[in-house]
Amino acid sequence: MKLKIFIIIFSFFSVCSFSQKDSLKLGDKYWEDQLYMSISYDIMRSQPTSTDITGFSYSLSFGYIKDIPFTKRGNLSAGIGAGYGYNSFNHDLQVIDNNTIQLASDISFNKLRLHNLEFPIQLRWRTSDAVTYSFWRVYAGVKLNYNLNNKFSYQLNSNNQTVEFSNVAIFNKFQTGLELSAGYGAFNFYMYYGLSPVYKDAVINGENVSSKITKFGLIFYLL
């Protein structure tokens with residue numbers, strides 16, 4: 001049901017945007033107000049020593065970006081947006097209680113699922129004009145993330161019991177990162193480089209846990 005609602009809203013804004021652009025003429029001032037949707041492969045970097053390589057992890061996000069042009073042509077602008085992001089990590093750090101983590105031990109799977117509000121702030125360069133639908137672009141900036149919900153779950157090998165923790169205190173709810181998207185038309189390469197640690201004041205075997213998120217994938221823009 002939620003997916004259907006999202007598709008309807010996404011389609012509505014897309015149609016409205018295309019209709020608005022059809023009324024413009026070459027040389028007119030315009031705004032690239034855009035819906036975006038991204039899919040990426042995610043990794044945790046700066047993990048503690050002896051942490052094993054983890055399984056497949058991914059993220060999805062979508063949202064809206066308001067375009068603020070600096071020039072009449074519109075090829076240089078800023079973008080400020082808001083959206084939603086979902087992350088699913090297979091990782092190697094095991095939550096023991098609300099304030100404690102350790103290296104994974106005697107478990108068969110170990111997942112971290114995140115639901116975030118995200119706020120991208122971008123500097124945008126492109127080869128567009130008022131009547132061009134496809135063009136080269138390079139967008140770079142920062143993304144602010146606020147975690148709505150975090151859920152850690154794993155299964156114990158000893159008795160097949162599933163253990164779950166939600167909204168643990170040790171998780172860093174406010175995170176920031178650098179992002180870059182570049183490409184032509186709707187399909188663009190996307191990268192996110194997290195600057196904030198995933199955990200707050202976490203220590204394992206005397207070593208500070210500085211795990212950060214990196215993402216590589218594709219981002220799609222619709223006018």
Side-chain angles (χ1 to χ4, degrees), residues 1-3 5-6 9 36-48 50-64 81-121 142-179 190 192-217:
M1 187 59 156
K2 292 182 180 179
L3 179 60
I5 293 174
F6 167 66
I9 295 174
Y36 69 89
M37 182 168 58
S38 69
I39 181 170
S40 62
Y41 170 74
D42 299 358
I43 60 174
M44 287 277 192
R45 71 178 199 280
S46 302
Q47 290 275 73
S50 302
T51 302
D52 292 333
I53 297 175
T54 54
F56 179 76
S57 302
Y58 70 94
S59 63
L60 303 168
S61 69
F62 62 85
Y64 176 80
Y84 162 80
Y86 171 78
N87 300 76
S88 176
F89 285 99
N90 288 286
H91 64 117
D92 200 40
L93 297 181
Q94 182 180 356
V95 174
I96 302 303
D97 57 43
N98 204 37
N99 293 286
T100 309
I101 58 175
Q102 66 177 25
L103 295 179
S105 175
D106 193 36
I107 58 177
S108 56
F109 72 85
N110 193 19
K111 280 189 175 293
L112 166 59
R113 297 178 179 88
L114 306 176
H115 298 272
N116 298 322
L117 289 178
E118 53 185 37
F119 303 95
I121 303 172
V142 299
K143 180 178 284 186
L144 313 178
N145 299 283
Y146 174 73
N147 181 248
L148 297 172
N149 178 267
N150 58 80
K151 184 175 182 179
F152 295 80
S153 60
Y154 53 86
Q155 187 175 63
L156 300 174
N157 288 328
S158 57
N159 57 11
N160 293 325
Q161 178 186 358
T162 298
V163 179
E164 294 184 347
F165 295 90
S166 293
N167 297 319
V168 299
I170 204 170
F171 187 84
N172 186 9
K173 294 181 74 69
F174 293 93
Q175 298 182 33
T176 61
L178 303 176
E179 62 175 2
Y190 175 76
Y192 171 88
Y193 186 84
L195 299 177
S196 304
V198 174
Y199 306 98
K200 298 184 296 184
D201 303 321
V203 177
I204 295 178
N205 298 328
E207 180 182 359
N208 291 328
V209 179
S210 302
S211 305
K212 299 179 181 68
I213 298 172
T214 300
K215 305 179 182 182
F216 300 94

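Residue numbers run from 1 in the order of the sequence given.
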Student: Only counting residues at least two apart or in another chain, list the ones meeting ring-ring contact (aromatic ring centres under 6.0 Å, His included) with Tyr86.
Tutor: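 Once residues adjacent in sequence are excluded, the partners of Tyr86 under the ring-ring contact (aromatic ring centres under 6.0 Å, His included) criterion are His115.
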Student: If I take atom CG from residue Leu117 and atom CG from residue Leu148, how far apart are they, to the nearest 0.5 angstrom?
Tutor: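 Here the interatomic distance stands at 4.0 Å.
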Student: Could you tell me if the side chain of Thr100 sits less than 4.5 Å from the side chain of Ile170, heavy atoms only?
Tutor: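 No. Closest side-chain heavy atoms not under 4.5 Å.
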Student: Can you find a heavy atom in the side chain of Phe56 that is under 4.5 Å from one in the side chain of Ser88?
Tutor: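 In short, these two side chains do not touch, never coming nearer than 4.5 Å.
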Student: Looking at Asp106, I want to see if its CG is surrounded by more than 12 non-hydrogen atoms of other residues, nucleotides or ligands under 6.0 Å.
Tutor: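 Enclosed: over 12 neighbouring heavy atoms sit under 6.0 Å from CG of Asp106.
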Student: Rounded to the nearest 0.5 Å, how far does CZ of Phe171 lie from CZ of Phe165?
Tutor: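 So the CZ of Phe165 and the CZ of Phe171 are separated by 15.5 Å.
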Student: To the nearest 0.5 Å, how far apart are CD1 in Ile107 and CD in Gln155?
Tutor: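 The CD atom of Gln155 is 10.0 Å from CD1 of Ile107, to the nearest 0.5 Å.
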Student: Does Ile204 reach the side chain of Leu93, with side-chain heavy atoms less than 4.5 Å apart?
Tutor: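 Yes. Closest side-chain heavy atoms under 4.5 Å.
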Student: Minimum heavy-atom separation for Leu114 and Asn150, please, with both atom names.
Tutor: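 Looks like CD2-CB, 3.5 Å.
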Student: For the residue pair Glu118 and Gly85, what are the closest heavy atoms and their distance?
Tutor: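 Between these two residues, the closest heavy atoms are OE1-CA, 3.9 Å.
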Student: Specify the closest pair of heavy atoms between Asn110 and Ala104, including all atoms of both residues, with the distance to one decimal.
Tutor: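 It is ND2-CB, 4.3 Å.
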Student: Quick one: does Arg45's side chain have a donor or acceptor within less than 3.5 Å of a partner on Gly194's backbone?
Tutor: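 Here the side-chain-to-backbone pair exists.
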Student: Find out whether Leu195 and Leu178 are in side-chain contact, i.e. whether some heavy atom of one side chain is under 4.5 Å from a heavy atom of the other.
Tutor: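 Yes. Closest side-chain heavy atoms under 4.5 Å.
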Student: What I want to check is whether the side chains of Ser211 and Gln47 have a donor and an acceptor closer together than 3.5 Å.
Tutor: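 There is such a pair between these side chains.
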Student: Can you confirm whether Lys173 is buried at NZ, in the sense that more than 12 heavy atoms of other residues, nucleotides or ligands lie under 6.0 Å from that atom?
Tutor: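 Atom NZ in Lys173 is packed in, count exceeds 12.
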Student: Counting only N and O atoms by type, is there a donor-acceptor contact under 3.5 Å from the side chain of Lys143 to the main-chain atoms of Pro120?
Tutor: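 Such a contact is absent between Lys143 side chain and Pro120 backbone.
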Student: Does CZ belonging to Phe119 count more than 12 external heavy atoms closer than 6.0 Å?
Tutor: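 Enclosed: over 12 neighbouring heavy atoms sit under 6.0 Å from CZ of Phe119.
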Student: Please give me the minimum heavy-atom distance between Ser40 and Ser59, naming the atom from each residue.
Tutor: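 Taking every non-hydrogen atom into account, OG-OG, 2.6 Å.
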Student: Judged by atom type as modelled, is there a donor-acceptor pair below 3.5 Å linking the side chain of Gln94 to the main-chain atoms of Ser105?
Tutor: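 The answer is yes, because a donor-acceptor pair under 3.5 Å joins these two groups.
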Student: Could you tell me the separation between the CG atom of Asn145 and the OG1 atom of Thr176, rounded to the nearest 0.5 Å?
Tutor: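 These two atoms lie 8.0 Å from each other.
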Student: Could you give me the CA-CA distance, side-chain angles and deciding distance for Asn99 and Asp97, then say whether side chain to side chain contact (heavy atoms under 4.5 Å, CB included) is met?
Tutor: CA-CA 6 Å; Asn99 293 286; Asp97 57 43; 4.0 Å; yes
Student: Can you label the angle between the His91 ring and the Phe152 ring as parallel, tilted or perpendicular, going by 30° and 60°?
Tutor: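 Perpendicular, since the angle between the ring planes exceeds 60°.
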Student: Mind checking whether Val203 and Asn208 have side chains closer than 4.5 Å, heavy atoms only?
Tutor: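 Val203 vs Asn208: side chains touch.
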Student: Just wondering, do Tyr58 and Asp42 contact through their side chains at under 4.5 Å, heavy atoms?
Tutor: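 With C-beta onward as the side chain, the pair stays apart.
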Student: Kindly compute the distance separating OG (Ser61) from OH (Tyr190), expressed to the nearest 0.5 Å.
Tutor: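 These two atoms lie 6.0 Å from each other.
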Student: Might you point out which heavy atoms bring Ile213 and Gln175 nearest each other, and give the distance in Å?
Tutor: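 It is CD1-OE1, 4.1 Å.
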Student: Taking Lys212 for its side chain and Ser210 for its backbone only, find out whether a donor-acceptor pair lies under 3.5 Å.
Tutor: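 Here the side-chain-to-backbone pair exists.
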Student: With ring pair (Phe, Tyr, Trp, His ring centres under 6.0 Å) as the criterion, how do Phe174 and Tyr146 come out once you've worked through the C-alpha distance, each side chain's angles and the decisive distance to 0.1 Å?
Tutor: CA-CA 5 Å; Phe174 293 93; Tyr146 174 73; 4.9 Å; yes
Student: Backbone N or O of Val95 within a donor-acceptor pair of the Tyr154 side chain at under 3.5 Å?
Tutor: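 Indeed, once roles are kept as given, a pair shorter than 3.5 Å links the two residues.
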Student: Where do Lys111 and Asn90 come nearest, in terms of heavy atoms and distance?
Tutor: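 Smallest interatomic distance, heavy atoms only, reads NZ-OD1, 3.3 Å.
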